[in-house]
Number of protein chains: 2
Amino acid sequence: MVMGIFSKTCEYAIRSVFFIAHRTASGNRVGIKEIASGIDSPEHFLAKILQDLSRRGIVQSAKGPNGGFYIDERGLKRPLSEVVEAVDGNSIFTGCGLGLAYCSETNPCPLHNEFKAIRNQLKDLLEQTTIADFSESLNLGITKLRK
Amino acid sequence: MVMGIFSKTCEYAIRSVFFIAHRTASGNRVGIKEIASGIDSPEHFLAKILQDLSRRGIVQSAKGPNGGFYIDERGLKRPLSEVVEAVDGNSIFTGCGLGLAYCSETNPCPLHNEFKAIRNQLKDLLEQTTIADFSESLNLGITKLRK
DNA sequence: AAAATAAAAGAGTTTTTAGTCTTTTATTAA
DNA sequence: TTAATAAAAGACTAAAAACTCTTTTATTTT
């Protein structure tokens, strides 16, 4: 009954990539402890999420002293939709609002077209904004990532 | 990782009220077995959901022979948003997309305004359509409720 | 009144999501 | 080359959501 648009895992993923992007703009790295406390998430749980994002090349990591997570030039230009898809899959963009597997253009559920418009708007938003897009507002303290 | 807009419970709830409205337009009642098979949901699980909707007055029920569920005149005019709120609460309309409790107009998360537009669109859609609105398209067989 | 019917209620189990704890591996700096 | 550091990996536990099964209560028909 908590019910966000994304899973909690995905919320942590998005907040963490924003945080990492913001903190590693000048080539440095940031550790899991700092990220977890910076975005108010459970440390080890976030570690799992970042391991996965790392395997997928969305974030980069380095072990050992001065190691940590960072995001390379290409990563900063990635749309947010890639983060969301990596974690929650693409059903949020394509799935039927009423949970009907058959639902399609030719075989629509009662709310098919209405939901399509909303899903497309979400899709556009996530595809048009990149990970880097939010560093600026975070820098200025206009937006925040902690609870 | 299945991730619809609504919980499965809520999807069943919406599909069942559409089904009941459609089947009981002329004052008759429909039993839980028929509803469950009509919308492809687990019978006893749906029973719980309908018990709850019944307590809230969204659907009506009658025990015994010729008993079953139905929706009265007032119920048919209820907006879909009441069904959704009864089951999933209102966080879908009000919650922060990134799961941040503090997030608000004066203390926005990085995606606050973007998500607000999407949430409002969903809210409008659900508030402007009533339970009865879909009987017609179901009658014509244009839309369906089974998987 | 008894039998049949059908929802209500209660008490579970299963599955998924979220979160924790411990050990291992890689890297770096002294 | 050893000690320290930090992510990766693995094996868990906890909580929530989804689902099942059984018993009870209300209603109606015979």
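Being a predicted model, the structure only gives us computed values, none of them experimental. Every chain is numbered from 1 and lettered A, B, ... according to where its sequence line falls, protein lines coming before strand lines.
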Inset, instruction - Applying salt bridge (charged side-chain N to carboxylate O under 4.0 Å, His left out), name anything that partners A:Glu114, two or more places apart in sequence or on another chain. - result: none
Inset, instruction - Would you kindly give the NZ-to-P distance between B:Lys33 and C:dA8, to the nearest whole Å? - result: 14 Å
Legend entry - A:Lys77: salt bridge (charged side-chain N to carboxylate O under 4.0 Å, His left out) partners, not counting sequence neighbours: none
Legend entry - Distance test, side-chain N/O of B:Arg55 to OP1/OP2 of C:dA9, below 4.0 Å: yes
Inset, instruction - Side chain of B:Ser7 only, please: which of D:dA18, D:dT28, C:dT27 is the nearest? - result: D:dA18
Inset, instruction - Could you tell me whether B:Lys116 and B:Glu105 have a side-chain N and a carboxylate O separated by less than 4.0 Å? - result: yes
Inset, instruction - Please answer: with hydrophobic residues joined when any side-chain heavy atoms are less than 4.5 Å apart, are A:Leu126 and A:Phe18 in the same cluster? - result: yes
Legend entry - Whole angstrom value for the distance that separates P of C:dA18 from CZ of A:Phe6: 13 Å
Inset, instruction - Output yes when B:Asp52 and B:Arg56 qualify as a salt bridge under the 4.0 Å nitrogen-oxygen rule, no when they do not. - result: yes
Legend entry - Sugar-phosphate, base or nothing in reach of B:Lys48, heavy atoms under 4.0 Å: base
Legend entry - For atom CZ of A:Phe45 and atom P of D:dA11, their distance in whole Å: 18 Å
Inset, instruction - Examine D:dC19: is either OP1 or OP2 under 4.0 Å from a nitrogen or oxygen in the side chain of B:Tyr12? Give yes or no. - result: yes
Inset, instruction - Would you classify A:Ala62 as touching base, sugar-phosphate or nothing, given that sugar-phosphate means primed atoms plus P, OP1 and OP2, and contacts are heavy atoms under 4.0 Å? - result: sugar-phosphate
Inset, instruction - Look at the side chain of A:Lys8 against the base of C:dG19 and say whether a donor-acceptor pair falls under 3.5 Å; ignore hydrogens and angles. - result: no
Legend entry - Output field: ring centroids B:Phe115/A:Phe6 closer than 6.0 Å: yes
Inset, instruction - Mind listing the closest non-hydrogen atom pair of A:Ile58 and A:Glu82 along with its distance? - result: CD1-O, 3.7 Å
Inset, instruction - Answer yes if the side chains of B:Asn107 and B:Ser104 hold a donor-acceptor pair under 3.5 Å, and no otherwise. - result: no
Inset, instruction - Determine: side-chain N/O of A:Asn66 to OP1/OP2 of C:dA29, distance under 4.0 Å, yes or no. - result: yes
Inset, instruction - Measure from CD on A:Glu43 to P on D:dT5 and round the result to the nearest Å. - result: 15 Å
Inset, instruction - Ignoring backbone atoms, establish whether B:Ser54 has a side-chain N or O less than 4.0 Å from OP1 or OP2 of C:dA8. - result: yes
Inset, instruction - Return the value, rounded to whole Å, for the distance between atom CD1 of A:Ile49 and atom C1' of C:dT20. - result: 13 Å
Inset, instruction - Consider the side chain of B:Ile32, meaning its heavy atoms from C-beta on, and name the nucleotide among D:dC19, C:dA7, C:dT28 that approaches it most closely. - result: C:dA7
Inset, instruction - Check every atom of C:dA8, C:dT22, D:dT5 against the side chain of A:His44 and return the nucleotide holding the closest atom. - result: C:dT22
Legend entry - Length of the CG-P vector between A:Asp88 and C:dA18, whole Å: 8 Å
Legend entry - Inter-end axis angle, the helix from C:dA1-D:dT30 to C:dA30-D:dT1, with every axis fitted to five base pairs (rounded, 10 degrees): 0°
Legend entry - Phosphate OP1/OP2 of C:dT17 contacted by A:Thr9 side-chain N/O (<4.0 Å): no
Inset, instruction - Let me know the distance between CG of A:Leu46 and P of C:dC21, rounded to the nearest Å. - result: 16 Å
Legend entry - Residue mapping more 5' on DNA chain C - nearest nucleotide basis, A:Lys63 or B:Gln51: B:Gln51
Inset, instruction - Would you mind reading off the distance between B:Tyr70 atom OH and C:dA6 atom P, rounded to a whole angstrom? - result: 16 Å
Inset, instruction - Considering just the side-chain nitrogens and oxygens of B:Ser61, establish if one lies under 4.0 Å of OP1 or OP2 belonging to C:dA8. - result: yes
